[in-house]
Amino acid sequence: MAEMAGRRIAAAHRLQRCLARRVETADRLGPVERVAGVDVGFEEGGRVARAAAVVLAWPGLETLETAIAREPVRLPYIPGLLSFREVPVIAAALGRLAAPPDLVVCDGQGIAHPRRLGVASHLGLRLELPTIGVAKSRLIGEHGPVPEERGGRVPLGEGDETLGAVVRTRTGVRPVYVSPGHRVGLETAVAWTLALAPRYRLPETTRRADAAASGKRIREAFPR
DNA sequence: GCGACAG
DNA sequence: ATCTTGTCGC
C-alpha cells in the first residue's frame with residue numbers, strides 16, 4: 001500500500017531530474033512589458049484547485065488582465081513535488097489570457113530545489129516562457145545572515161553551487177527566496193523581484209495573483 | 001532512527 | 001495551502 005506511493009514518488013523524481021537538464025539559467029527574454037504573477041488557492045476543503053494569472057504593466061504596475069482556472073485536485077502536497085500538483089492549473093489559467101506574458105513570477109522555488117526543478121522551472125519549461133521563482137520560505141540550501149536593509153541579499157547555496165539568493169525586499173522584514181525559473185539568470189531574477197516589490201514584502205505580481213486566487217481584496221495603489 | 005520539508 | 005480576530009509593534 002505504501003510501496004505503491006513510494007514507486008510513484010521515485011518515478012516523479014526521475015522525471016524531475018530528466019526535465020531539469022533542459023532548464024536554462026541564463027537570460028533569454030525579450031523586452032518586458034507584460035509581467036504575470038501566478039498563484040494557486042484551494043476550495044472545497046482542498047478538493048478543488050483555483051489558479052489565478054494576473055498580468056501587470058511594466059513599468060507602472062497597473063493590472064492589465066486577470067484569468068482564473070479551476071480543476072479538481074489530483075495529488076496531495078508533497079515537499080519537492082509541488083509542481084506536479086500546481087503546474088497544470090496554472091498553465092490553464094495562463095492559457096486563458098488574451099496574450100502570453102513576457103515574464104512570469106511564481107510563488108515558489110525555481111532551481112532552488114532538491115532536483116533543480118521547482119514550480120517556476122517546471123512551469124517555464126512547459127510553457128517555454130521566462131520564469132522566476134520567489135518563495136516565502138526555504139526549501140533547500142544554506143545561507144548566511146541577510147543585511148537588514150531593503151535590497152540586502154546573500155547567496156543561497158548547496159555545496160559548490162549557487163541556487164539562488166535570499167533577498168530583503170523591505171527593511172526589517174523577513175526576506176524572500178529568489179531563484180531562476182527558466183530563461184532568466186539569477187541577477188536578472190533578483191532585479192525583477194526588487195523592481196516588482198516597491199512597497200510590500202512580496203512582488204505585486206504575487207500579491208495580486210494571490211488575491212485573485214483567494215477572492216480577497218488588497219491595496220493596489222501606492223500614494224505617498 | 002531523527003529532523004527538514006516551497007504551497 | 002486552509003481553519004480564523006484581535007492585537008502588538010514600527
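We name chains A, B, ... by the order of the sequence lines, and we start the count at 1 in each one. Here the structure is a predicted model, which means the values were calculated and not measured.
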* Structure fact -> Here the distance between atom P of B/dG7 and atom CD1 of A/Ile90, to the nearest Å, is 12 Å

* Report yes or no: does A/Arg22 contribute a side-chain atom to a donor-acceptor pair with the main-chain N or O of A/Leu125 at less than 3.5 Å? => no

* Output yes when at least one side-chain N/O atom of A/Arg85 is less than 4.0 Å from OP1 or OP2 of B/dG7, else no. => no

* From CA spacing to verdict: salt bridge (charged side-chain N to carboxylate O under 4.0 Å, His left out), A/Arg199, A/Glu204 -> CA-CA 9 Å; A/Arg199 178 168 178 176; A/Glu204 283 305 308; over 6 Å; no

* Any chance the side chains of A/Thr131 and A/Arg183 put a donor and an acceptor closer than 3.5 Å? -> no

* Asked: Would a distance-only check, ignoring hydrogens and angles, find a side-chain to backbone donor-acceptor pair under 3.5 Å from A/Asp27 to A/Gly185?
  -> yes

* For DNA chain B, produce a single dot-bracket line, 5' to 3'. Pairs: Watson-Crick or G-U wobble, both distances under 3.5 Å. Symbols: ( ) within strand, [ ] crossing, | other strand, . unpaired. => .......

* **Heavy-atom donor-acceptor pair, A/His182 side chain to A/Glu128 backbone, under 3.5 Å** => no

* To do: Salt-bridge test for A/Glu149 and A/Arg168: reply yes if a basic N is under 4.0 Å from a carboxylate O, no otherwise.
  => no

* Asked: Can you tell me how far C1' of C/dA1 sits from CG of A/Leu139, to the nearest Å?
  -> 15 Å

* Does OP1 or OP2 of C/dA1 have a side-chain N or O of A/Ser214 closer than 4.0 Å? -> no

* To do: Using atom CZ of A/Phe42 as one end and atom P of C/dC3 as the other, report the distance to the nearest whole Å.
  => 12 Å

* To do: Measure from the side-chain N and O atoms of A/Thr206 to the backbone N and O of A/Leu202, and report whether any donor-acceptor pair falls under 3.5 Å.
  => no

* Asked: Given side chains that start at C-beta, do those of A/Arg70 and A/Val89 come closer than 4.5 Å, heavy atoms only?
  -> no

Enumerate, atom names and distances included, each donor-acceptor pair closer than 3.5 Å involving a side-chain atom of residues 133-141 of chain A, sequence neighbours excluded.
| from | atom 1 | to | atom 2 | distance (Å) |
| --- | --- | --- | --- | --- |
| A/Lys136 | NZ | A/Asp107 | OD1 | 2.9 |
| A/Lys136 | NZ | A/Asp107 | OD2 | 3.1 |
| A/Arg138 | NH1 | A/Gly141 | O | 2.9 |

* Axial cation check for A/Phe42 ring with A/Arg47, 6.0 Å and 45° limits -> no

* Asked: Quick one, which residues of residues 140-165 of chain A touch DNA chain B with a heavy atom under 4.0 Å?
  -> none

* Quick one: does A/Ser179's side chain have a donor or acceptor within less than 3.5 Å of a partner on A/Gly110's backbone? -> yes

* Indicate yes or no: does A/Glu187 engage A/Arg153 in a salt bridge with an N to O separation below 4.0 Å. => yes

* Check the hydrophobic clustering (I, L, V, M, F, W, Y; side-chain heavy atoms under 4.5 Å; chains of links allowed) and say if A/Leu163 and A/Ile132 are grouped together. => no

* Mind calculating the distance between CZ (A/Arg201) and C1' (C/dC10) to the nearest angstrom? => 17 Å

* To do: Anything below 3.5 Å on both distances counts as a pair; with that, list the stems of at least three consecutive Watson-Crick or G-U pairs involving DNA chain C.
  => none

* Starting at CZ of A/Arg47 and ending at P of C/dC3, how long is that distance when rounded to a whole Å? -> 13 Å

* Asked: Any donor and acceptor pair, going by atom type alone, linking the side chain of A/Arg150 with main-chain N or O of A/Thr169 inside 3.5 Å?
  -> yes

* Asked: Counting only N and O atoms by type, is there a donor-acceptor contact under 3.5 Å from the side chain of A/Arg50 to the main-chain atoms of A/Ala213?
  -> yes

* Looking at residues 111-133 of chain A, who's got a heavy atom less than 4.0 Å off DNA chain B? -> A/His113, A/Gly118, A/Val119

* Separation of atom CD in A/Glu44 from atom C1' in C/dC3, rounded to whole Å -> 15 Å

* Residue-level proximity of residues 69-82 of chain A to DNA chain B when a heavy atom falls under 4.0 Å -> A/Tyr77, A/Pro79, A/Gly80, A/Leu81, A/Leu82

* Do the charged groups of A/Glu158 and A/Arg116 touch, with an N to O distance under 4.0 Å? -> yes

* B/dG7 phosphate, OP1 or OP2: any side-chain N/O from A/Lys136 under 4.0 angstrom? -> yes

* **A/Asp210 CG to C/dA1 P, straight-line distance once rounded to whole Å** => 7 Å

